[in-house]
Structures are given as structure tokens and as C-alpha cells.
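Read through the structure below, which is laid out as C-alpha cells, and then see the notes.
Whatever order the structure lists ligands and atoms in, that order sets their numbers, starting from 1. Here the structure is a predicted model, which is why all the values come from computation and not from measurement.
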Amino acid sequence: MKLWGGRFTKETDELVDEFNASISYDKRFYKQDILGSIAHVTMLEKQHILTPDEKDTIVEGLKSILDDIENKKLEIDESFEDIHSFVESTLIERVGDAGKKLHTGRSRNDQVALDMRLYIRDEVIMVNDLVKDLMAVIHRIMQENLETYMPGFTHLQKAQPVTLAHHMGAYFEMFRRDRGRLRDIYDRMNYCPLGAGALAGTTYPLDRNDTASLLQFDGPTINSMDSVSDRDYLIELLSAFSTIMMHLSRLCEEIIMWNSDEYRFVEMDDTYSTGSSIMPQKKNPDIAELIRGKTGRVYGALVSMLTTMKGLPLAYNKDMQEDKEMTFDAVDTVKGCLTLCAGMLDKMVFNTARMEKSARQGFTNATDAADYLVNKGVPFRDAHGIIGRLVLKCIEQGISLDELSLDEYKKESDAFDGDIYEAIAMKTCVDRRNIIGAPGRKAMAAVIAMNREYLEET
Ligand code: ARG
């Protein structure tokens, strides 16, 4: 059952087998392992290292194994050490001696480096698509809420009025950058390690350019020692995943707050909420909380990977086998969270009247009131003081700046006129902010058009 029994006189301890084995998780890339092998033998034949018959026999055998696994006719036997051993042994069992030539000019070190890259490459594309799906939901919300006013916060204190389109637009930008990072990672990792052998290449005249192009890589990796011991791309990936999770977590944190009775900015759909076993009235945002919570395990994978790699001498070391479980877990977590977040957001109802009411309270137009005075020739610092005193007066009377009488305004400064009310109206406050990046209707409409183009093109 082992690929390497020759130089041993005793069987390995059962616990050692169990501890050493990776098949329970690396079986995940059976397909990549088989496709990598097919490319390898295709190249071996072109280089006259295998005969055409041998190559055909091996390729047919490998294809039958792939088909049978996919059709559930063949179960991956977990008593093997890893997926590589399982595929090779099954091949030899099926096609006989030709199968024993599969591993010519190859080591499991470059093989596993290849399999993982092939697997991760596909996952990067899938995660990239899922981020895009989420962005499409965000874009739809932006389009529908150009004039949905809400308070913008700093320090979680109401600051200035914005719109829901503008607020959601911030997340659109975060996820756009996340996709950019995934693209960069893909481009940097897309080189083929096959042919690096155990660490020092091989004496067979392998055509590494050929295997690389058969497997749609941009080319072969350049240094064989680096090829079998590089896990940088996983660290970059886990870092990009951590950033995606951080963004999702911030969004979920806001949704959780907005869903609370204190805010009531949103109503979660029943399909994305859960109840309490004791409190009949409860409708909890568990999904948002779980996404926020699962962020921790993805960060954990990143730190774990960095720590695993930091003390490793060149080239391959078995420590590197630890790259898989945590990366797979992070991949599953990120994909699950992106899907759930998009669904939850898509079905969430925004209580726009309540948002707008909240924006009217809390003096979010105080800056605009000060700017009004500046336009009438009052220096900004003086205007700041005047409005500050008026805000204090309003707080004492339990009213907003919009409700303060013109007399009261004039008592603080005779620069005030009847047009103050129009100047500090919510719509004015937002719509006058029309420079690039601001929440004004015109500025946001341009962003929304730009974002639509982005979604169509990328
Ligand atoms: N399961 C191993 C891993 O994931 C495959 C490579 C084994 N190589 C070796 N020299 N033991 O790293």
C-alpha cells in the first residue's frame, strides 16, 4: 500500500500511519492530482521517455479512475497515506506495469505543490465570482436608494447625513479591492512547479514548458528548491481571505446593529433569521453574527500558516502538509459566508422612513448650518461657535435645528435669514455634496453608472 516500503525492515506503527496520513483531507484534490498526472505522462511521451502505448494505457487508466470517483463507483480508500498513493496504486492495479512508470521524473513534493496550486487556482476564481455576486446585490441596493437619507456616523455618533446608496457604496469599494487582490494572487501563483522533482529537478529531459502549458499555467517555476517549498501564495490568499472576512464582518456588525430595536433601520427576512428556545418574541440575526464570528477562524488560518513556514529550512519539509486543512477550511468558510451574506442582504428590507427620521435627529446638519454662515461672510471658527451654542439651546428645548425659530437664530448672529431652513434641509445637505466620492445625488449617480460598467466588464 505504501509507495516507499523498500528500505524499511519493519512496518510503521499504526499511530504513525494515522498521524502521518493526509488522505482524509487531500482526497479533496483527486481531480487535480489525476489531471496533473495526465499532463505529466503526455509530456513524458513527447519526450520519448514513455512509449505512445504506455502513455495511452496510463491516460486511459487515469481517466477511468477519475470517472469512477465522480460517478461514485470508486471510493477513495483512506487506508492509503495520501491521494497520490491512492491514485498511483489504483492505476497499477487497473493497468499493470505501465502504471508503474507514472511517477517517472516526479516526486510527491512537486506533485503536491502542483495539486494544491491547481486546486487553489479554481477556488480563487470561484471566490472572486462570489464576491462579484455580493457586489451585484450591493449595487442593486445603491440604485434603489439614491435618496434614502440616513445618518452617517463617526465614533458611532451621528455626524452628517448621507444616503443608503452612499453607505453601501463604501462596501462596494472594499469588495472591489478584494477582487483586485484575488486577481493579483492568481497572476503571481500561476506558474507550474511540476518538474522540480524532490528539490533538485531531474535528469530526465522533461519539457517543463509543455506541462505548464498543458495545465494552463503562464510558465514553469524557475527554481526547483523554491518550487517545492513555496507556500507564499497560500499566505497571500489567506491574507486576502482575511480581508474579505473583515469586510464581511464589518457589514454584518452594522446589520446586527441596524436590526436591533434601538435602530430598526432594517428588517431581516424570516428565512435568514432564527428564534430563541425560551423567549418567544425573539428574531435573531444569527447568520450575520456567525459570519462575524467565523472571521476569527480565517485569521487563525493565516497566522497558523505564517507560523508553520517561518522556521523551515529549504526545501520540502513535512510541516508543509499542514497547509491543507487550514486553507481548505478557510476556502469553505469564505465561500459560505459570501453566499450567505449576499442572500441575507438581498432579502433584507430597509426601513427607509426610520433611517431618514434618525438622520433628522442628532444635529447631522450642524456642519451645513456653520457653512451657511461662512457663505454669509462669518469666519468658520466663529460660525462653529455660534452653531454650537444653538445646538445646546436646541438640546435644552428638545428640538432640532430645523425647528428653531428665526428669532432664536438672529439672537446669536444677524447673518441668519429665512433661507437658513432651506440651507439645512436634509436634501440640501446631501445634494450639495457633489464632488467625487460624496453622497450627493449627481455624484452618486455617476458612481452607480461606473459600478454597473465594472460589473458588466469584470
Ligand atoms: N502529503 C504530503 C504533503 O501534503 C505530500 C508530499 C509528501 N512528500 C514527502 N516527501 N513525504 O505535503
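- Near Ser22, the atoms of ligand 1 lying under 4.0 angstrom from a non-hydrogen atom of the residue are 1 (N).
- Of the candidates Phe29, Tyr30, Phe80, Phe86 forms a ring-ring contact (aromatic ring centres under 6.0 Å, His included) with just one, namely Phe80.
- Interface of Tyr316 with ligand 1, defined as ligand atoms under 4.0 Å from a residue heavy atom, comprises 2 (C), 3 (C), 6 (C), 7 (C), 8 (N), 9 (C), 10 (N), 12 (O).
- Taking the ring centre of Tyr233 as origin, the terminal cationic atom of Arg121 falls outside the region bounded by 6.0 Å and 45° from the ring axis.
- Across Lys324, Gln321, Lys318, heavy-atom proximity to atom 2 (C) of ligand 1 is greatest for Gln321.
- Side-chain atoms of Arg264 and Asn351 form no donor-acceptor pair, as typed in the model, at a separation below 3.5 Å.
- Looking only at heavy atoms of the protein, atom 11 (N) of ligand 1 is closest to Arg108 NH2, 3.8 Å.
- Between the side chains of Asp269 and Thr271, at least one donor N or O sits under 3.5 Å from an acceptor N or O.
- For the pair Arg28 and Phe328, the cation-pi criterion (under 6.0 Å, within 45° of the ring axis) is fulfilled.
- Residue, atom and distance of the protein heavy atom nearest to atom 9 (C) of ligand 1 are Asn109 OD1, 3.4 Å.
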